[in-house]
Amino acid sequence: MNDIMSCYILLIGDSIEPDPGILEALNSQKKPVICAPSGSEPIALLLEFDIFLIIIDIQGESSHGIETALLIRSSDRFKQIPILFILEQNPGPDWKWSHQPSGIVDYMIRPLNQYILFQKILLFEDLRERKKTDEDLKQSKEELEKANTELYRLTENLEEAIEKANKMAVEAEIATISKSGFLASMSHEIRTPLNAVVGFTDLVLDTDLSLEQKEYIEAIRTASNTFLELINDILDFSKIEASMVSLENITFSPETIIDDVINTLSVRAYEKNLECAYKISPNVPNHIVGDPIRLKQILVNLMGNAIKFTSHGQIILRVNRETAPDSECCLHFSISDSGIGIPESKWNKLFQPFSQASYSTTREFGGTGLGLAISKRLVELMRGRIWIQSPNPESGDHPGAIFHVRAVFGMIKPLLSEKIPETYEILKGKHILVFEKNTTILNILCDTLGDYHMRPVPIEDSGFILQKIIRDHQAGVSFSHILLDADIPVTDLKDLVKSIRELKEFNGKIILMVKPCKGMINSHDFSNDPVIDSWLRKPMKRSTLLSKLSQLPEGPEPEKCDVISHGEDLPKHLFRILLVEDNKINQKVTSKMLSRIGHTVLIADNGLAAVEIMEKEEHFDLILMDGQMPVMDGFKATEIIRRREKSNQGDKRIPIIALTANAMKGDRLRYINAGMDDYIAKPVKSIDLSTVINRVMSKKNDGNLSEHQHESDSDISDF
Ligand code: ADP
């Protein structure tokens with residue numbers, strides 16, 4: 001209605017003044033009216049105003065009104081506006097005002113009936129209203145249709161985009177699957193023949209060979225080991241790059257990992273006559289949460305490089321705890337060496353794959369140039385950073401290098417108390433004389449003793465030891481222990497120890513620190529001599545050092561040598577073993593290895609053969625089971641054997657060790673989940689095989705062999 005109020009009735013009369021009767025009638029109903037005489041003026045008004053009804057007042061016989069009506073109707077624009085003629089008399093049944101069909105027309109005859117006039121106006125208003133609604137509706141419909149078309153177009157685009165994205169996702173998935181599949185099969189395919197090469201080389205080396213033959217075989221062994229290293233590095237790097245590596249989150253002791261790393265690498269260091277030690281700050285927790293195997297991998301790589309590029313001096317690994325939120329433990333490792341160092345100009349490329357500081361180092365030292373790139377990516381996965389520190393400019397030809405690693409681990413609740421164990425409390429305040437030729441190692445040793453509140457007295461020159469003991473005794477200090485570096489000529493050492501023993505000023509314990517390498521002094525040199533109380537094998541484990549020291553002097557008490565024996569990993573017992581392996585060459589290599597150790601071996605060509613042999617109630621102590629085999633694979637065979645053991649409740653659980661060329665991440669868990677007890681990746685070395693067998697068999701004897709030992713250690717090349 002509001003709309004109607006804003007539009008007008010145009011009243012056209014023959015005279016300038018409109019008929020006062022009509023005007024009055026319209027005004028009384030408050031209808032907005034515009035008046036105009038016949039002619040062209042009404043057209044101008046129609047153009048200017050919004051008119052919803054034209055009333056033409058025709059007086060007498062005048063034709064002006066009719067002509068004006070014709071003029072109005074001649075424009076299409078005004079055809080929709082109804083015209084109401086006011087006539088003097090009834091025009092008769094045939095009245096028509098025009099011959100052309102045109103918009104709505106009506107008439108009224110004088111004298112005007114005001115009521116009817118109103119009804120008509122209302123009718124026209126209503127008509128206009130409806131028309132307007134129709135038009136609005138039409139317009140809305142059109143707009144809706146337009147919007148619909150647009151929506152349809154957008155939906156089509158969206159569907160197309162979704163389809164494209166899905167296709168891309170599928171393609172990416174296929175690429176990832178085929179990449180990981182490719183890596184897995186490459187790993188398997190290369191490891192299988194390499195197993196034979198490494199295994200037979202070891203076996204041949206144990207036979208009678210001429211010097212020349214031995215030299216050639218040694219060369220094959222070195223080359224195949226390098227090849228294996230390269231394969232492992234390339235696989236590892238590609239897996240990290242393809243985001244196929246995720247870190248473990250398990251509780252572990254950083255000290256155990258560091259002990260492992262140092263133990264593994266120290267032999268190489270001592271062969272080069274380098275010293276090697278580690279120092280763990282007392283603020284480093286006993287247990288943290290993270291991926292111990294990956295941490296070990298980083299440290300082995302950095303320590304390995306340090307040893308590789310150092311010809312004299314020492315390699316030191318230090319660990320310190322840095323500030324971090326309560327739930328986290330940020331550890332800072334630094335590995336320093338006294339080797340050739342790396343010029344600063346090479347630093348920016350150092351952590352990129354396949355980059356080596358110079359071609360001459362590659363020729364001289366070998367290596368793939370992947371170690372640091374892998375370490376960098378692993379450290380980043382540990383929310384950390386790896387960097388190299390400026391060499392010491394005063395160190396001349398041997399500036400050395402210091403690699404730093406900062407990594408973030410989880411903390412466990414302070415349940416496992418981090419305080420000093422009570423056994424070490426008795427060491428508080430004890431005076432310990434420490435003789436060590438290498439200043440850095442001497443400082444580290446004294447620092448460690450200081451961490452446990454002992455009072456170490458350092459000596460770098462063995463010639464001052466006796467003098468020092470006597471002088472300090474006179475000053476009221478008596479030593480409870482003397483730690484002696486055994487790296488001096490044997491006769492000198494024997495004389496020194498004898499002289500110390502003869503001193504009335506000393507009645508403590510003498511502990512020798514020895515390097516475990518050929519030609520070095522060992523327990524046999526003192527076998528008939530009770531002057532030595534104890535031995536410590538370098539590099540010294542902090543825990544072993546402390547426990548040896550906590551055996552306080554009560555008079556000399558000779559102890560067995562702590563020098564590593566290479567026979568340590570050899571089996572204490574011999575077993576009857578079922579070897580399940582389809583590859584003929586590998587059957588031969590592995591069975592030879594086992595029988596050479598003294599085990600009895602029976603071979604099954606595949607899983608089904610193994611199941612059948614086991615059914616015949618043949619007695620075996622252990623099964624070595626390959627994974628992928630024709631006829632029946634190792635998983636299925638293990639499943640059947642385990643199921644059978646469960647149903648025949650009398651059957652004891654036979655240990656099954658997976659012996660496989662599959663060394664991809666996740667493989668180990670697959671084997672363990674399938675009911676196997678341990679895992680060893682090919683190529684297998686005799687010593688590793690012995691270690692795994694001993695480990696599994698001693699677990700069995702201790703009654704610790706059960707299903708799903710996810711956390712058992714394994715010297716697998718998986719991680
Ligand atoms: P690789 O040792 O297998 O060649 P890395 O990525 O571990 O590969 O090391 C890359 C290069 O960095 C080495 O070839 C060597 O030139 C240099 N480098 C690494 N560590 C040291 C170090 N401690 N002292 C001197 N040079 C080093």
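Hydrogens, waters and symmetry mates play no part in the numbers below; they use all other heavy atoms, side chains included.
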Going from [atom1] on [X] to [atom2] on [Y], what distance comes out if it is rounded to the nearest 0.5 angstrom?
X    : Y    : atom1 : atom2 : value
D134 : K141 : CG    : NZ    : 11.0 Å
F85  : I54  : CZ    : CD1   : 9.0 Å
I43  : S75  : CD1   : OG    : 7.0 Å
I672 : I656 : CD1   : CD1   : 11.0 Å
I104 : Q80  : CD1   : CD    : 8.0 Å
M676 : T638 : CE    : OG1   : 3.5 Å

**Asked** Do the rings of Y8 and F49 sit parallel, tilted or perpendicular, given the 30° and 60° boundaries?
**Response**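 The arrangement is perpendicular - the two ring planes meet at more than 60°.
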
**Request:** Just say parallel, tilted or perpendicular for the rings of H404 and W387, cut-offs at 30° and 60°.
**Result:**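 Judged by the thresholds at 30° and 60°, the geometry between H404 and W387 is parallel.
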
Is the shortest heavy-atom distance from the side chain of [X] to the side chain of [Y] under 4.5 Å?
X    : Y    : result
F409 : L295 : yes
L23  : C35  : yes
V33  : I22  : no
E639 : F635 : no
M382 : V405 : no
K120 : I55  : no
D19  : I86  : no
V300 : D260 : no

Considering non-hydrogen atoms only, spot the tightest contact between [X] and [Y] and give its length.
X    : Y    : value
R321 : V284 : N-CG2, 3.9 Å
I109 : N90  : CD1-CA, 3.5 Å
I288 : C329 : CG2-SG, 3.8 Å
G675 : R642 : O-NE, 2.8 Å
P285 : L331 : CD-CD2, 4.4 Å
I81  : L53  : CG2-N, 3.9 Å

**Message:** Could you check whether D57 and Q59, counting side-chain N and O atoms only, form a donor-acceptor pair closer than 3.5 Å?
**Reply:**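 Yes, D57 and Q59 have a side-chain donor paired with an acceptor closer than 3.5 Å.
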
I'd like to know if [X] pairs up with [Y] as an ion pair, taking the criterion as any Lys NZ or Arg NE/NH1/NH2 lying under 4.0 Å from an Asp or Glu carboxylate oxygen.
X    : Y    : value
D126 : R130 : yes
E160 : K164 : no
K636 : D633 : no
R153 : E150 : yes
E135 : K131 : no

**Item:** L84 and I9: CA distance, side-chain angles, deciding distance, side chain to side chain contact (heavy atoms under 4.5 Å, CB included) verdict
**Value:** CA-CA 10 Å; L84 174 67; I9 298 170; over 6 Å; no

**Request:** Kindly determine whether F333 and L302 satisfy side chain to side chain contact (heavy atoms under 4.5 Å, CB included), including the steps that lead there.
**Result:** CA-CA 10 Å; F333 301 83; L302 297 177; over 6 Å; no

**Prompt:** Taking E380 as the fixed residue, which of K376, R377, R383 is the one that meets the salt bridge (charged side-chain N to carboxylate O under 4.0 Å, His left out) rule?
**Reply:**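 Of K376, R377, R383, salt bridge (charged side-chain N to carboxylate O under 4.0 Å, His left out) with E380 is met by K376 alone.
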
**Prompt:** Taking everything shown except E163 itself, do over 12 heavy atoms lie less than 6.0 Å from its CD?
**Reply:**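 It does not: E163 CD has 12 such atoms or fewer within range.
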
Just by modelled atom types, is the [Y] backbone N or O under 3.5 Å from a matching donor or acceptor in the [X] side chain?
X    : Y    : value
T68  : G39  : yes
N606 : M629 : no
S281 : N283 : no

**Message:** I'd like to know whether F403 forms a side chain to side chain contact (heavy atoms under 4.5 Å, CB included) with L299, so could you lay out the CA-CA distance, the side-chain angles of the two residues, the decisive distance to 0.1 Å, and finally the verdict.
**Reply:** CA-CA 10 Å; F403 279 87; L299 298 178; over 6 Å; no

**Prompt:** Could you go step by step and tell me if R128 and C7 meet the side chain to side chain contact (heavy atoms under 4.5 Å, CB included) rule?
**Reply:** CA-CA 11 Å; R128 163 165 169 128; C7 48; 3.9 Å; yes

